[in-house]
Amino acid sequence: MSHTFNVLFWLQNYKLNNDTGKVPVSVRITVDGKRAEIATGKKVPADKWNSSSGLMRGQSVEARSINKHLRDIDYRLHEIYDELERNGEYVSAQAIKSVFQGKNIKQHSVIELFKYHNNQIKSQLGKGYSKGTLERYQTTLKHTLGFIQHHYKADDFLFRDMKFSFITEFEFYLKAVCGIGHNTVVKYLRNFKKIILIAVKNDYLSRDPFVGYKMSLKEVKKDYLTKDEIEALVNKEFTIDRLEHIRDIFLFCCYTGLAYADVKRLTAANISIGLDGEYWIFINRKKTGSESNVPLLQPAVDIIEKYEDCPITSHSGYLLPVISNQKMNAYLKEVGTLCGINKTITFHMARHTFATTVTLANGVSIETVSSMLGHKNIRTTQIYAKVVQEKVSADMRKLKSLMSKSN
């Protein structure tokens with residue numbers, strides 16, 4: 001990889017010795033716009049310095065001695081730069097300075113920095129970072145290591161060898177080898193980019209290999225239940241308690257918009273009287289930490305009251321008997337089949353249903369829905385408004401078709 005490289009000798013005028021009139025000379029190394037500075041150990045009279053040549057003026061013994069010293073430094077710095085490039089080693093201003101000063105260059109690596117980053121997050125759990133954030137970075141680290149082992153037959157990768165091709169090959173590995181969907185791949189690569197930016201800021205990398213690489217999420221259709229499908233769930237009588245519990249918890253989230261991680265940890269402490277004198281849920285979302293304050297609709301209140309004397313909730317202290325997300329989704333498929341719903345129901349669909357069928361479709365403003373969902377940006381909520389708009393459009397097309405036939 002070619003670099004921009006420059007050596008400049010300059011006076012530290014702020015260190016002028018008023019008694020001798022002399023100023024220390026420093027040398028500045030610049031590689032790809034990043035600098036490192038070294039003291040030359042020489043001082044020259046300020047009025048004898050030639051800033052254009054970076055040397056002392058004149059042919060005095062002192063001038064020849066100082067200029068020879070500066071030229072030797074310049075030669076050695078260029079020699080170090082050439083050696084690093086020739087040997088394929090990491091090239092930076094700091095690396096050249098380290099070699100010049102007789103220090104070893106530490107060759108920083110991807111997995112090493114990634115582990116350090118994750119340990120930093122782990123030490124700050126509950127202080128700006130959530131367990132979910134740590135888990136996402138740990139998963140990204142696992143895939144990064146898997147890619148390096150698969151593609152490079154190694155257990156780590158030096159930043160000095162990082163190129164644009166690493167990113168494109170990593171993306172291919174995640175999609176083709178791991179079978180991961182596009183949007184999830186983009187999220188992993190965004191996590192990985194944070195590690196890259198840390199490396200760039202610490203001068204482990206001379207430039208960001210993500211430059212020119214585009215990462216965009218594909219719009220995913222947010223599936224939800226219709227009013228009729230909600231009624232089918234409400235009216236279904238189950239003979240198996242397990243399925244009834246799952247149905248009730250799912251419906252509770254259809255009426256409140258809570259995500260799985262939030263309903264799972266819901267306690268009586270999260271229920272309070274709001275300014276309107278009615279019961280509200282007050283909770284900070286586990287995923288983002290943002291507030292999610294939701295007035296309780298009567299069907300949601302009824303579900304909470306139904307489980308007040310449940311042995312499971314009495315023992316756990318939580319309001320609802322929530323099981324693992326994996327089991328919840330498995331049982332929801334069974335619930336959907338028994339209710340005659342021809343959709344693959346997932347637990348997160350409850351949150352989508354709250355946003356569309358329960359609120360937006362009934363005239364609740366998008367700003368209010370965004371607040372209740374705990375979205376930090378209203379653009380995140382707008383996709384639900386688009387879904388509702390598409391539904392209205394489809395219904396109107398059917399109406400227009402019927403009217404044209406009747407005419």
Side-chain angles (χ1 to χ4, degrees), residues 1-110 112-113 116 157-164 166 195-212:
M1 179 187 293
S2 59
H3 304 269
T4 59
F5 172 58
N6 185 53
V7 175
L8 173 70
F9 292 92
W10 62 289
L11 293 188
Q12 294 180 304
N13 288 312
Y14 61 93
K15 291 185 179 181
L16 171 66
N17 187 313
N18 292 322
D19 294 331
T20 64
K22 291 186 175 182
V23 182
V25 180
S26 282
V27 59
R28 178 182 297 151
I29 310 160
T30 306
V31 176
D32 297 328
K34 294 187 177 181
R35 300 172 175 177
E37 293 181 358
I38 305 171
T40 64
K42 296 296 181 181
K43 297 179 180 180
V44 301
D47 60 349
K48 296 287 185 179
W49 181 252
N50 185 329
S51 57
S52 297
S53 64
L55 297 170
M56 183 177 169
R57 291 192 182 95
Q59 294 297 320
S60 66
V61 173
E62 180 187 28
R64 288 199 300 271
S65 174
I66 288 176
N67 289 343
K68 180 181 184 304
H69 181 75
L70 299 182
R71 288 191 181 100
D72 287 344
I73 290 175
D74 182 70
Y75 178 82
R76 178 58 183 146
L77 292 174
H78 278 81
E79 186 179 51
I80 292 169
Y81 171 78
D82 291 338
E83 286 176 357
L84 292 176
E85 275 224 316
R86 187 167 54 251
N87 297 330
E89 295 187 49
Y90 178 60
V91 180
S92 71
Q94 191 60 48
I96 294 171
K97 177 180 176 179
S98 294
V99 174
F100 181 84
Q101 294 178 332
K103 300 175 183 177
N104 292 326
I105 306 173
K106 179 172 173 55
Q107 297 293 339
H108 297 278
S109 60
V110 173
E112 172 197 48
L113 181 60
Y116 174 79
F157 190 87
L158 294 175
F159 281 113
R160 75 178 191 195
D161 299 323
M162 181 68 66
K163 298 177 182 177
F164 181 81
F166 184 100
I195 306 303
I196 292 297
L197 292 179
I198 292 172
V200 172
K201 288 177 181 177
N202 283 279
D203 205 25
Y204 305 159
L205 258 174
S206 58
R207 62 189 68 181
D208 180 3
F210 273 95
V211 172

If every non-hydrogen atom of Leu84 is compared with every non-hydrogen atom of Ala95, which pair is closest and at what distance? CD1-CB, 4.4 Å
Residue pairs, two or more places apart or on separate chains, that pass salt bridge (charged side-chain N to carboxylate O under 4.0 Å, His left out) and touch residues 58-67: Lys22-Glu62
Do the side chains of Phe5 and Ile29 get nearer than 4.5 Å, heavy atoms only? yes
Identify, with sequence neighbours excluded, every residue that meets side chain to side chain donor-acceptor pair (under 3.5 Å) alongside Thr30. none
Under the ring pair (Phe, Tyr, Trp, His ring centres under 6.0 Å) test, which residues partner Tyr204, sequence neighbours left out? His108
Which residues pass the ring pair (Phe, Tyr, Trp, His ring centres under 6.0 Å) test with His69, not counting sequence neighbours? none
Heavy-atom closest pair (Gln12 atom, Val23 atom, distance to 0.1 Å) is O-CG1, 3.0 Å
Less than 3.5 Å apart, which donor and acceptor atoms pair up between the side chains of residues 49-56 and the rest of the protein, not counting sequence neighbours?
residue: Asn50; atom: OD1; partner: Ser52; partner atom: N; Å: 3.0
residue: Asn50; atom: OD1; partner: Ser53; partner atom: N; Å: 3.2
residue: Ser53; atom: OG; partner: Leu55; partner atom: N; Å: 3.4

Distance (rounded to the nearest 0.5 Å) between Lys163 NZ and Leu205 CG: 12.5 Å
Between CG on residue Asp208 and CE on residue Met162, distance to nearest 0.5 Å: 10.0 Å
Who are the salt bridge (Lys or Arg N to Asp or Glu O under 4.0 Å) partners of Asp72, not counting sequence neighbours? Lys68
Worked verdict on Arg76 versus Val99 for side-chain contact (heavy atoms from CB on, under 4.5 Å): CA-CA 10 Å; Arg76 178 58 183 146; Val99 174; 4.2 Å; yes
Can you tell me if Thr4 uses its side chain to pair, donor with acceptor, with the backbone of Val31 under 3.5 Å? no
Have a look at Val7 and tell me which of Ile73, Ile38, Val27 forms a side-chain contact (heavy atoms from CB on, under 4.5 Å) with it. Val27
Between the OG atom in Ser60 and the CD1 atom in Ile66, the distance rounded to the nearest 0.5 Å is 7.5 Å
Step through the shown structure and confirm whether more than 12 heavy atoms of other residues, nucleotides or ligands are within 6.0 Å of CD on Gln101. yes
Do Lys97 and Ile80 come within less than 4.5 Å of each other through their side chains, counting heavy atoms only? no
List the residues meeting side-chain contact (heavy atoms from CB on, under 4.5 Å) with Tyr75, not counting sequence neighbours, and say none if there are none. Glu79
Just jot down the side chain to side chain donor-acceptor pair (under 3.5 Å) partners of Arg35, sequence neighbours excluded, or say none. none
Parallel, tilted or perpendicular: which describes the rings of His3 and Tyr81, with under 30° parallel and over 60° perpendicular? perpendicular
Can you sort out the partners of Phe100 under ring pair (Phe, Tyr, Trp, His ring centres under 6.0 Å), two or more places apart, ordered by chain and number? none
Atom CD1 of Ile96 and atom NE2 of His78: how far apart are they, to the nearest 0.5 Å? 9.0 Å
For residues 39-48, the salt bridge (charged side-chain N to carboxylate O under 4.0 Å, His left out) pairs (sequence neighbours left out) are none
My understanding is that only residues two or more places apart in sequence, or in another chain, count here; which of them pass side-chain contact (heavy atoms from CB on, under 4.5 Å) with Asp82? Arg86
For Arg28, check salt bridge (Lys or Arg N to Asp or Glu O under 4.0 Å) against everything at least two apart and list the hits. Glu37
Minimum heavy-atom distance Ala39-Ser26, with the two atoms named: CA-OG, 4.1 Å
Could you report the tightest heavy-atom contact between Gly58 and Ala63, atom names first, then the distance? O-CB, 3.6 Å
Could you check if a side-chain atom of Asp74 sits within less than 4.5 angstrom of a side-chain atom of Phe9, using non-hydrogen atoms only? yes
Using side-chain heavy atoms (C-beta onward) and a distance below 4.5 Å, is Trp10 in contact with Val25? no
Working to the nearest 0.5 angstrom, can you tell me the gap between Phe166 CZ and Ile196 CD1? 7.0 Å
Any chance you could lay out the side-chain contact (heavy atoms from CB on, under 4.5 Å) test for Lys34 and Val200, step after step, and finish with the verdict? CA-CA 11 Å; Lys34 294 187 177 181; Val200 172; 3.6 Å; yes
dist Ser109:OG -> Phe159:CZ (nearest 0.5 Å) comes out at 7.0 Å
